[in-house]
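Computed from a predicted structure; not experimentally measured. When a residue number appears, it is its place in the shown sequence, counting from 1.
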Amino acid sequence: IRWLPSWSVRWVPWFGRRAIDGWRSEVLSTLAGGMRAGQSEREILNVTAQASRPKWIRRRCKAAVKSIDQGVSLAKSLRAARLVTRREQNWIACSALNGNLPDTTQNLAGDILRRRRHRWRMRMAWFVPLGTVLVGLFVLVHAAFVIRSLAVLCEVAVV
């Protein structure tokens, strides 16, 4: 997924959204750690854009840096770069006013990972029984084919 074009990652069934959520969480965690260390948001996003391997992160971080350079707030620039959702943008904007930005970004990163794990568990909750039923059907069809073949052989042997 890491080498796919940025526009196509979201369309990979099951794993595209999971990868994007992981990357978003990684960027938000990096932001939280950098802000706790006293670095500016622009500097953190710039370093993240240069150091990260996935193309998706590099593009989004560069877009956020460009937006910050134009004087847009961090919350709006992260939203414009599609690193956060509208609800998460509101959380970041409110926490920036309250002075809790590092804690909020760290909590958002954890929330994204928690939702990602929950979504995976929900998929597995229906996939495992479905797989069991499909394997059972395969065994049933295979057994019916074997029994039918043996019945035909018995008829030929009797005649």
Side-chain angles (χ1 to χ4, degrees), residues 1-139 141:
I1 290 180
R2 185 172 66 197
W3 296 285
L4 289 174
S6 297
W7 60 269
S8 67
V9 172
R10 186 173 302 278
W11 300 105
V12 175
W14 285 37
F15 300 105
R17 174 85 184 254
R18 189 169 198 259
I20 288 173
D21 285 346
W23 295 335
R24 289 177 50 221
S25 175
E26 181 181 328
V27 170
L28 290 173
S29 293
T30 303
L31 265 173
M35 285 187 278
R36 282 192 183 106
Q39 296 176 333
S40 70
E41 294 88 5
R42 183 196 180 286
E43 192 177 323
I44 298 165
L45 288 170
N46 206 7
V47 169
T48 304
Q50 294 172 357
S52 66
R53 291 170 114 183
K55 190 179 195 179
W56 191 90
I57 292 177
R58 289 194 310 261
R59 280 191 158 175
R60 303 294 183 215
C61 288
K62 285 177 185 176
V65 168
K66 186 177 180 181
S67 182
I68 288 172
D69 287 343
Q70 293 174 352
V72 178
S73 69
L74 176 65
K76 288 183 180 178
S77 64
L78 290 177
R79 173 72 176 140
R82 292 180 289 190
L83 283 167
V84 294
T85 62
R86 180 167 290 137
R87 181 177 59 96
E88 295 165 349
Q89 174 192 354
N90 292 337
W91 285 3
I92 291 173
C94 290
S95 69
L97 295 174
N98 294 335
N100 297 329
L101 196 53
D103 294 332
T104 300
T105 53
Q106 189 64 45
N107 289 340
L108 279 176
D111 188 49
I112 290 169
L113 290 178
R114 182 187 55 78
R115 281 184 280 150
R116 183 175 87 165
R117 279 191 296 270
H118 179 69
R119 195 178 319 121
W120 184 254
R121 286 184 191 131
M122 292 299 292
R123 287 178 180 159
M124 287 296 111
W126 66 266
F127 182 71
V128 171
L130 178 66
T132 304
V133 167
L134 290 176
V135 168
L137 286 174
F138 173 76
V139 169
V141 168

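Among all heavy-atom pairs drawn from Ala63 and Ala81, the shortest one is CB-CB, 4.0 Å. Across all non-hydrogen atoms, the minimal contact from Pro102 to Met35 is CG-CB, 3.9 Å. Across every non-hydrogen atom of Gln106 and Ser29, the tightest pair is NE2-OG, 3.8 Å. When all heavy atoms of Thr105 and Leu31 are compared, the pair lying nearest together is OG1-C, 4.5 Å. Across Leu83 and Ala64, no two heavy atoms sit closer than the pair CD1-CB, 4.5 Å. For the pair Ile112 and Ser25, the tightest heavy-atom approach, listed with the atom from each and the gap, is CG2-CB, 4.2 Å.
Going from atom OG1 of Thr85 over to atom CG of Leu108 covers 8.0 Å, rounded to the nearest 0.5 Å. Once rounded to the nearest 0.5 Å, the distance linking CD1 of Ile20 with CD1 of Ile57 reads 10.5 Å. Between the CZ atom in Arg60 and the OG atom in Ser77 there is a gap of 13.5 Å [rounded to 0.5 Å]. Atom CD of Gln39 sits about 10.5 Å away from atom OG1 of Thr30, to the nearest 0.5 Å. The CG atom of Asp111 lies 11.5 Å from the OG1 atom of Thr104; values are rounded to the nearest 0.5 Å. Rounding to the nearest 0.5 Å places CZ of Arg115 at 8.0 Å from CZ of Arg17.
More than 12 heavy atoms of other residues, nucleotides or ligands lie within 6.0 Å of CZ in Arg119, so this atom counts as buried by the packing criterion. Within 6.0 Å of CZ on Arg58 lie more than 12 heavy atoms contributed by other residues, nucleotides or ligands.
Not less than 6.0 angstrom separates the ring centroid of Trp120 from the ring centroid of Phe127.
Side-chain atoms of Leu101 and Glu41, non-hydrogen and from C-beta on, do get closer than 4.5 Å to each other. The side-chain heavy atoms of Asp103 and Ser95, taken from C-beta on, include no pair separated by under 4.5 Å. Side-chain contact check for His118 versus Met122: some heavy-atom pair is nearer than 4.5 Å. With a 4.5 Å cut-off on side-chain heavy atoms, Val84 and Leu28 count as touching.
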Salt bridge (Lys or Arg N to Asp or Glu O under 4.0 Å) evaluation trace for Glu26 with Arg116: CA-CA 13 Å; Glu26 181 181 328; Arg116 183 175 87 165; over 6 Å; no
side-chain contact (heavy atoms from CB on, under 4.5 Å) between Val27 and Leu45, worked out: CA-CA 8 Å; Val27 170; Leu45 288 170; 4.1 Å; yes
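Under a cutoff of 6.0 Å and an axis angle of 45°, Arg87 and Trp91 form a cation-pi pair.
The salt bridge (charged side-chain N to carboxylate O under 4.0 Å, His left out) test with Glu88 singles out one residue from Arg79, Arg24, Arg82, Lys76, and that residue is Arg24.
Taking a cutoff of 4.0 Å between a charged side-chain nitrogen and a carboxylate oxygen, Arg42 and Asp69 qualify as a salt bridge.
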